[in-house]
Every structure is written in structure tokens, then in C-alpha cells.
Amino acid sequence: METDGLDLLRGEARFTGPMALAVALAGGEGVALSADLIVLDDGERPARTLLPGLGDVPALDSTSIMELAEVSEQLLVLGGGSVGVEFAQMFRRFGGEVTVVQRGPHLPGGTDAEVAAAVETIPRDDGLALRIGAGAVRVAPRAETGGVRLTIIEGNGERGLDGRHLRVAVGRTPNTDRLGAGAAGVARDERGSI
């Protein structure tokens, strides 16, 4: 904050032209800026899934799971990417019962099958229950326990998994959706990444 030549503005910026930004400041006022060089460091946020019932349960993301006051005694992790598995292992090592549901054929997702087979031994040895090749169908609150029931499809049938908490770990979404990238000529891919 005290660095010479640095002005820190807290707010949300949107391109209005190739080298121009409008910044809506946290206090409500706005500022127009222009520069010869604009560096984009927009970051990412946890991706959401359109899983039926997700709006009815208190699903955890990478931030809110760290705010739990206690170790979840039964944690369901939806998504078998590296971040999802990392949190699953952490909670298992803290003493929780953890189940990872991964739609893809192995974990972590996007890994070569031979490498994945070797990697999967580590969470299995830690005592994680792995539901690989299983798709989530819906989730619902369990009023009698305060937990959740995640219905998955494995093979030809559905089965319910009960847990105290649900950690949604289905990837990350770039924070470019409100950036106005088109006004600056900044191209984005199908995920929204610059």
C-alpha cells in the first residue's frame, strides 16, 4: 500500500476498449483507466456443476472446506482431479471416512492410464474409497442426519452414498466472464481461458 508509484484499486475491472478499463470500485464509485500495457491476472474460481439438488445442500469448495470447524467424519468428494484427491487424502489422514467419485476411467483425470494405475494405489493405501467410472446423478439433503445423499450410477445401476459433507471438486473456471475481453480484442478459448 505504501509503495511509491503504485495505486491499488479494489474493485472489478472491465475492458471498454483495447487499452481502456472501467473499474467499479468496492465503494460504489467508478474509475476509467487507460494504459499502454495491461497485465491480466484474473485467476480462477471453483467450477460448479449442474447436478440436480446441488442448490439444496451445503456443498463445499476449496475455500469453504478449509473453514470447517471439525474434521468431516464422512466426506464425499465429487471429482477425482489432483485438488479433489489432495483434499480427500488430507481429510482421510485427519481420521475421516472419505469417498471419491470420479466420472472418468481413472484418477487423477487427464492422466495416462499406466501412470494413473500407479497413482491410484496411494489413496487406496490411505483408505480412501474410490468410485471410479461413476457418474453423479443427483444429491439431496438427509434431514435426519444433517448430511447429504449422493446418488451415483455405476455400471448399470444407481446407488446412494451417504456423507456428512459434500466437497465439489469438478475443476476451476477462469474469472474472465465479466472481463469484457472482446472489447479489448482478447481471445478466450471454450473454457474461457485467455
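Note that the coordinates shown come from a computational prediction; the quantities given were computed from them, not determined experimentally. Along the sequence shown, residues carry numbers from 1. Reckoned from all heavy atoms, side chains included, excluding hydrogens, waters and symmetry mates.
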Legend entry - Audit row: Met90, Glu86, side-chain contact (heavy atoms from CB on, under 4.5 Å) steps and yes/no: CA-CA 6 Å; Met90 179 175 68; Glu86 179 180 41; 5.9 Å; no
Any heavy-atom pair between the side chains of [Y] and [X] that's under 4.5 Å?
X: Asp36; Y: Met19; value: no
X: Ile152; Y: Arg131; value: yes
X: Val101; Y: Leu76; value: no
X: Leu40; Y: Leu179; value: yes
X: His165; Y: Gln74; value: no
X: Val83; Y: Arg167; value: yes
X: Leu25; Y: Val31; value: yes
X: Pro174; Y: Arg191; value: yes

Restricting to non-hydrogen atoms, name the atom on [X] and the atom on [Y] that form the minimum distance, rounded to 0.1 Å.
X: Val119; Y: Pro123; result: O-CD, 3.1 Å
X: Val137; Y: Pro52; result: O-CD, 3.4 Å
X: Ala136; Y: Leu150; result: CB-CD1, 4.1 Å
X: Gly84; Y: Ala169; result: CA-CB, 3.6 Å

Going only through I, L, V, M, F, W and Y residues with side-chain contacts under 4.5 Å, is there a path from [X] to [Y]?
X: Leu60; Y: Val100; value: yes
X: Phe87; Y: Leu107; value: yes
X: Val71; Y: Leu68; value: yes
X: Leu75; Y: Leu51; value: no
X: Val98; Y: Leu161; value: no

Is it true that a side-chain atom of [X] and a backbone atom of [Y] form a donor plus acceptor pair closer than 3.5 Å?
X: Asn175; Y: Asp42; answer: yes
X: Arg92; Y: Gly96; answer: yes
X: Asp61; Y: Thr63; answer: yes
X: Gln102; Y: His106; answer: yes

Just wondering, more than 12 heavy atoms not from [X] lying within 6.0 Å of its [atom1]?
X: Leu8; atom1: CG; result: yes
X: Asp189; atom1: CG; result: yes
X: Glu144; atom1: CD; result: yes
X: Glu29; atom1: CD; result: yes
X: Arg124; atom1: CZ; result: yes

Legend entry - Distance in Å, Arg14 CZ paired with Thr16 OG1, rounded so as to fall on 0.5 Å steps: 10.0 Å
Inset, instruction - Applying side-chain contact (heavy atoms from CB on, under 4.5 Å), run through Leu166 and Val139 and close with a yes or a no. - result: CA-CA 9 Å; Leu166 174 66; Val139 65; 3.9 Å; yes
Legend entry - Test side-chain contact (heavy atoms from CB on, under 4.5 Å) applied to Leu54 and Leu78, Val168, Val148, the passing residue: Val168
Inset, instruction - Test Arg149 against Asp162 for salt bridge (charged side-chain N to carboxylate O under 4.0 Å, His left out), laying out the working first. - result: CA-CA 5 Å; Arg149 168 159 278 199; Asp162 294 329; 2.7 Å; yes
Inset, instruction - Step by step, work out the salt bridge (charged side-chain N to carboxylate O under 4.0 Å, His left out) result for Asp56 and Arg138. - result: CA-CA 11 Å; Asp56 300 328; Arg138 67 186 158 278; over 6 Å; no
Inset, instruction - Might you work through the side-chain hydrogen bond (donor to acceptor under 3.5 Å, both in side chains) test for Thr176 and Arg188, ending with a clear yes or no? - result: CA-CA 8 Å; Thr176 60; Arg188 299 184 309 146; 2.8 Å; yes
Inset, instruction - Check whether the side chains of Ser72 and Arg164 place a donor and an acceptor atom closer than 3.5 Å, and report yes or no. - result: no
Inset, instruction - Determine whether the side chains of Arg172 and Ser62 contain a donor N or O and an acceptor N or O closer than 3.5 Å. - result: yes
Inset, instruction - Give the C-alpha distance, both sets of side-chain angles, the deciding distance and a yes or no for side-chain contact (heavy atoms from CB on, under 4.5 Å) between Glu97 and Glu73. - result: CA-CA 6 Å; Glu97 205 177 290; Glu73 69 273 6; over 6 Å; no
